[in-house]
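Take a look at the structure below.
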Amino acid sequence: MLDIRDLLVNYGTIRAVRGIGFNLAKGELVSLLGANGAGKSTTLKCIAGALKASGGSITLDGTNITSASPEQVVRAGLATVPETRDVFPDLTVSENLMLGAYIHRRDRAGNRDNLERVHNLFPRLAEREGQAAGTLSGGEQQMLVIARALMSRPSVLLLDEPSLGLAPAIVERIFEMIETLKRTGLTILLVEQNVNQTLAVADRAYIMRLGKIVASGTANEIRSTTDLSAHYLGG
Ligand code: ATP
């Protein structure tokens, strides 16, 4: 479904991503793990079209999207939830959601159906549809940005650290929701620092360190064979 080969991403002279490759089959939940600065967010931004690759290829369901713009990537069926969790604070929950449906703006009936589906997945957002997004709690804002991404009707969803800075009970709910999304057939790439919870929901994982992939395998293999603390603490 998503195939990354020999990807290189530079910021000027800084080589943030140094020739990585990984893939996701349809319906898989794959995690990208690694310490701060490993290059995970850079990888996601490049797949999303927000950063230019200096080399390599990104293929989505057979279509080469390596040089695609962010809008073209969304139109190709890939939505990204960045770690910045930015909602439009003065717009209501509903207005924020409809902005996610921008590429389908002429398909009103389709958007209505999809909004109902998203409300069923996130009943809390349905209850708060008229509330200004800036007044939602941190966990609710995280749900809103995920729900907004779903309004583009993606086949692949990239999530950058959705649990960042949230209380443990909310983190639990976010992970439950990710599992629910997987059950709907969505293909998901999850970047996380929360290793144990991530490996509990992921099918497979890749571990990045200093711009390279240093380990990969099923969640069980990663748990049993990789010295996670060494990769996480940079040892
Ligand atoms: P984190 O979990 O802290 O977000 P990460 O694995 O996502 O870490 P990146 O944010 O992708 O890592 O950063 C990879 C490397 O690229 C780091 O060395 C970082 O300092 C560098 N980097 C990131 N953004 C920029 C930028 N805009 N300009 C220059 N260097 C950058």
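Atom set for the values below is all heavy atoms of this structure, side chains included, hydrogens, waters and symmetry mates excluded. Both counts, for ligands and for their atoms, begin at 1 and track the order of listing.
- Residue K45 places no heavy atom under 4.0 Å from ligand 1.
- Each of the atoms 4 (O), 5 (P), 7 (O), 10 (O), 11 (O) of ligand 1 lies under 4.0 Å from some heavy atom of S41.
- Not a single heavy atom of G34 sits closer than 4.0 Å to an atom of ligand 1.
- Looking at heavy atoms from C-beta onward, F175 lies in side-chain contact with T198 at the 4.5 angstrom threshold.
- Within the cation-pi definition used here (under 6.0 Å to the ring centroid, within 45° of the axis), R105 qualifies as a partner of Y102.
- Scanning G37, G12, A16, A38 for the heavy atom closest to atom 16 (O) of ligand 1 points to A16.
- Here the protein heavy atom with the shortest distance to atom 12 (O) of ligand 1 is G39 N, 3.1 Å.
- Closest heavy-atom approach to atom 3 (O) of ligand 1 among the candidates T13, N36, T42, V191: N36.
- Under a 4.0 angstrom heavy-atom cut-off, M208 registers as lying outside contact with ligand 1.
- With hydrogens left out, the protein atom closest to atom 22 (N) of ligand 1 is Y11 CE1, 3.3 Å, a heavy atom.
- Within the 4.0 Å heavy-atom criterion, the part of E161 lying near ligand 1 is the side chain and not the backbone.
- Remark: ligand 1 atoms within the under-4.0 Å shell around heavy atoms of A35 are 6 (O).
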